[in-house]
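Take a look at the structure set out below.
Treat the numbers as computed from the prediction; the structure is a model and nothing was measured.
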Amino acid sequence: MEAILLVGGQGTRLRPLTISTPKPLLPTAGVAFLAHQLARAHAAGVERIVFATSYRAEMFEAAFGPRAHGVDLVYVSEPQPLGTGGAIRNAARALTCGPDDPVLILNGDILTGHDMRAQVKLHEAAGAAVTLHLTEVDDPSRFGCVPTDGAGRVTAFLEKTSHPVTNQINAGCYVFRRSAIDTIPEDEVVSVERETFPTLISSGAVVMGHVESGYWLDVGTPEAFVRGSCDLVLGRLDSPAMPGGPGERLTLAGSTVSPGAVVRGGTTVGRGAVVEAGATVIGSVLLDDSFVAEGATVRDSVLSRGARVGPGAVLDGVILGDGAVVGPGNELCCGLRVWPGIELPATAVRFSTDA
């Protein structure tokens with residue numbers, strides 16, 4: 001089976017992390033986020049994947065080469081962003097399968113534990129043009145809803161509403177019949193959600209919903225990115241690409257964690273990173289060569305490559321860009337983002353009066 005992996009987005013919601021690195025390549029539980037997707041796709045029977053790239057396209061082939069995690073890889077770049085449908089149609093030029101074969105479509109920012117083999121099996125049994133993975137959420141009003149009939153056939157794509165008719169939403173993994181991909185206009189900006197799927201439904205084509213509500217997370221925000229990495233480390237989602245077993249923390253080769261430090265909650269400590277005695281790091285992502293000094297507290301945060309946190313500083317829900325420095329005594333929280341190379345002097349920012 002072949003697949004198309006959509007990795008062309010700029011990841012603006014994750015800046016400054018994505019200034020130098022595309023979102024799908026961000027280290028997540030010790031490896032590039034895409035490594036988890038490639039390994040799971042291989043486990044589901046995928047043998048060849050076409051990367052649909054755009055933003056910093058050259059970095060994907062440099063990261064993975066012609067083969068990784070048991071899958072052959074091909075890279076196709078969009079000359080300009082073409083939307084989800086346009087990107088799929090553009091990448092399909094590199095497919096080798098026949099018109100009736102299934103093609104798995106994966107989004108490069110979705111972390112999911114759903115059964116892809118079961119989704120493909122439903123697709124083939126129904127003779128569907130497209131089969132979507134649908135997941136159930138507690139508050140569907142924040143998403144577009146996807147109702148299905150008693151046989152599991154998708155009946156509509158509904159925009160966000162305060163009175164949703166179902167708690168089923170589009171989870172972003174599709175199985176297309178190859179010939180259905182070929183109906184998408186070439187070299188045009190097309191949205192599968194707003195154009196392709198509604199058009200197929202209105203034409204009478206069979207569009208099925210594979211409803212499965214296991215682990216599912218869109219890692220497009222800093223909070224979700226940190227949560228996804230920690231969930232993988234903690235073992236809340238299995239991944240064949242994990243560089244270690246589940247536990248309270250993942251410490252990569254070359255990292256140093258003092259015996260007097262507290263590091264837990266699914267934290268990853270990257271290569272060459274240092275956590276000194278008396279520091280506390282909970283539920284965070286420390287990338288390569290980052291540094292947390294004695295007495296500092298880091299919670300639910302990301303320290304990018306080479307970022308440094310001084311003695312006694314407190315970070316809670318904070319993103320530090322590459323090489324950013326937080327001086328002693330600073331107190332940062334509430335989603336604050338510090339851009340690469342910025343240096344905050346001692347006690348420059350605080351949210352409490354005590355010094």
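- In this structure, Ile19 and Pro340 have side chains that are in contact, with non-hydrogen atoms separated by less than 4.5 Å.
- The CG atom of Asp109 sits 10.0 Å away from atom CG of Leu34, with the distance rounded to the nearest 0.5 Å.
- Applying the side chain to side chain donor-acceptor pair (under 3.5 Å) rule to Asp101 yields no partners; only residues at least two apart in sequence or on another chain are considered.
- For the pair Val130 and Leu200, the minimum side-chain heavy-atom distance is below 4.5 Å.
- Side-chain atoms of Ser290 come within 3.5 Å of backbone N or O of Leu287 as a donor-acceptor pair.
- Nearest heavy atoms, Ser304 versus Gly321: CB-C, 3.4 Å.
- Formation of a donor-acceptor pair under 3.5 Å by the Ser255 side chain with backbone atoms of Thr251 is not found in this model.
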Derivation and outcome, side-chain contact (heavy atoms from CB on, under 4.5 Å), residues Met1 and Val120: CA-CA 10 Å; Met1 185 166 58; Val120 174; 3.8 Å; yes

Checking Tyr75 against Glu58 for the side-chain contact (heavy atoms from CB on, under 4.5 Å) test, could you report, in this order, the C-alpha distance in whole Å, the side-chain angles of both residues, the deciding distance, and whether it holds? CA-CA 9 Å; Tyr75 303 87; Glu58 73 286 349; over 6 Å; no

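- Thr18 contributes no side-chain N or O that, together with a main-chain N or O of Thr21, makes up a donor-acceptor pair within less than 3.5 Å.
- Donor-acceptor pairing under 3.5 Å is recorded for the side chains of Glu331 and Ser352.
- A continuous path of Ile, Leu, Val, Met, Phe, Trp and Tyr side chains, each step under 4.5 Å between heavy atoms, connects Leu132 with Ile105, placing both in one hydrophobic cluster.
- When side chains are defined from C-beta on, Leu17 counts as touching Val302, because their heavy atoms get closer than 4.5 Å.
- Remark: Asp72 CG to Arg67 CZ distance equals 4.5 Å, nearest 0.5 Å.
- Counting heavy atoms from C-beta on, the side chains of Glu248 and Leu234 come closer than 4.5 Å.
- Taken from CZ in Phe64 to CG in Leu5, the straight-line distance is 9.0 Å, to the nearest 0.5 Å.
- Judged by distance alone, the side chain of Glu78 and the main-chain N or O of Leu82 form a donor-acceptor pair under 3.5 Å.
- Screening residues 276-288 for side-chain hydrogen bond (donor to acceptor under 3.5 Å, both in side chains), with sequence neighbours left out, gives no hits.
- For Leu237 against Gly113, the heavy-atom pair with the smallest separation is CD1-CA, 3.5 Å.
- The CD atom of Glu193 sits 7.5 Å away from atom CZ of Phe157, with the distance rounded to the nearest 0.5 Å.
- Across all non-hydrogen atoms, the minimal contact from Pro243 to Ala29 is CD-O, 3.3 Å.
- Interatomic distance, Thr131 OG1 to His210 NE2, rounded to the nearest 0.5 Å: 9.5 Å.
- Arg153 and Gly204 make their closest contact through NH2-O, 2.8 Å (heavy atoms, listed as atom of the first residue, atom of the second, distance).
- Both Val326 and Leu336 are part of a single hydrophobic cluster, where members link through side-chain heavy atoms under 4.5 Å apart.
- When Ile169, Val146, Thr166, Val165 are each tested for a side chain to side chain contact (heavy atoms under 4.5 Å, CB included) with Leu158, only one passes: Val165.
- Here the CG atom belonging to Asn330 is positioned 6.5 Å from the OG1 atom belonging to Thr347, to the nearest 0.5 angstrom.
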Would Thr135 and Gln168 count as a side-chain hydrogen bond (donor to acceptor under 3.5 Å, both in side chains) if you check the C-alpha gap in whole Å, the side-chain angles of each, and the deciding distance to 0.1 Å? CA-CA 6 Å; Thr135 190; Gln168 296 175 175; over 6 Å; no

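- The number of heavy-atom neighbours closer than 6.0 Å to CZ of Arg56, taken from other residues, nucleotides and ligands shown, is above 12.
- Between the side chain of Ser229 and the main chain of Val226, no donor-acceptor pair closer than 3.5 Å is present.
- Side-chain atoms of Arg178 do not come within 3.5 Å of backbone N or O of Asp100 as any donor-acceptor pair.
- Closest heavy-atom contact between Ala57 and Thr53: CB-OG1, 3.3 Å.
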I'd like to know whether Val175 forms a side-chain contact (heavy atoms from CB on, under 4.5 Å) with Val103, so could you lay out the CA-CA distance, the side-chain angles of the two residues, the decisive distance to 0.1 Å, and finally the verdict. CA-CA 5 Å; Val175 182; Val103 179; over 6 Å; no

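- Under a 3.5 Å cut-off, the side chain of Gln119 and the backbone N or O of Cys173 do form a donor-acceptor pair.
- At least one side-chain heavy atom of Leu111 sits less than 4.5 Å from a side-chain heavy atom of Leu232.
- Side-chain contact check for Glu2 and Thr96: at least one donor-acceptor pair (N or O, by modelled atom type) lies under 3.5 Å.
- Side-chain atoms of Arg350 come within 3.5 Å of backbone N or O of Gly329 as a donor-acceptor pair.
- Sorted by first then second residue, the salt bridge (charged side-chain N to carboxylate O under 4.0 Å, His left out) pairs that include residues 303-320, not counting sequence neighbours, are Arg299-Asp316, Arg305-Asp322.
- Classification of Glu186 and Arg93 as a salt-bridged pair holds, one side-chain N sitting under 4.0 Å from a carboxylate O.
- Other residues, nucleotides and ligands contribute over 12 non-hydrogen atoms within 6.0 Å of the CZ atom of Arg15.
- A donor-acceptor pair is defined here as one N or O able to donate and one able to accept, closer than 3.5 Å; such a pair exists between the side chain of Glu212 and the backbone of Asp115.
- Between Lys23 and Asp218 there is no salt bridge, since none of the side-chain N atoms of the basic residue sits less than 4.0 Å from a carboxylate O of the acidic one.
- What you find for Val275 and Ala261 is that their closest heavy atoms are CG1-CB, 3.8 Å.
- In this structure, the side chain of Glu294 does not engage the main chain of Ala277 through any donor-acceptor pair within 3.5 Å.
- Residues satisfying the ring-ring contact (aromatic ring centres under 6.0 Å, His included) criterion with Tyr174, sequence neighbours excluded, are Phe197.
- Both Leu95 and Leu6 belong to a single network of hydrophobic side chains, linked directly or stepwise wherever heavy atoms of I, L, V, M, F, W or Y lie under 4.5 Å apart.
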Which pairs would a plain distance check flag for residues 35-46, meaning a side-chain donor or acceptor within less than 3.5 Å of a matching protein atom at least two apart in sequence or in another chain?
unit_1	atom_1	unit_2	atom_2	d
His36	ND1	Ser239	OG	2.6
His36	NE2	Thr28	O	2.8
Gln37	NE2	Asn107	O	2.7
Gln37	NE2	Ile110	O	2.9
Arg40	NH1	Thr112	O	3.0
Arg40	NH2	His114	O	2.9
His42	ND1	Gly70	O	3.3

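- No chain of hydrophobic side-chain contacts below 4.5 Å, direct or via other Ile, Leu, Val, Met, Phe, Trp or Tyr residues, connects Trp216 to Phe225.
- The salt bridge (Lys or Arg N to Asp or Glu O under 4.0 Å) search around Asp238 returns none, not counting sequence neighbours.
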Starting from the C-alpha separation in whole Å, work towards a yes-or-no answer on side-chain contact (heavy atoms from CB on, under 4.5 Å) for Ser179 and Thr183. CA-CA 7 Å; Ser179 58; Thr183 66; over 6 Å; no

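- Under the side chain to side chain contact (heavy atoms under 4.5 Å, CB included) test applied with Leu320, the options Leu315, Val298, Leu286, Val325 reduce to a single match, Leu315.
- Ile342 and Val349 fall within the same hydrophobic cluster, where Ile, Leu, Val, Met, Phe, Trp and Tyr residues are linked whenever their side-chain heavy atoms come under 4.5 Å apart, directly or through other members.
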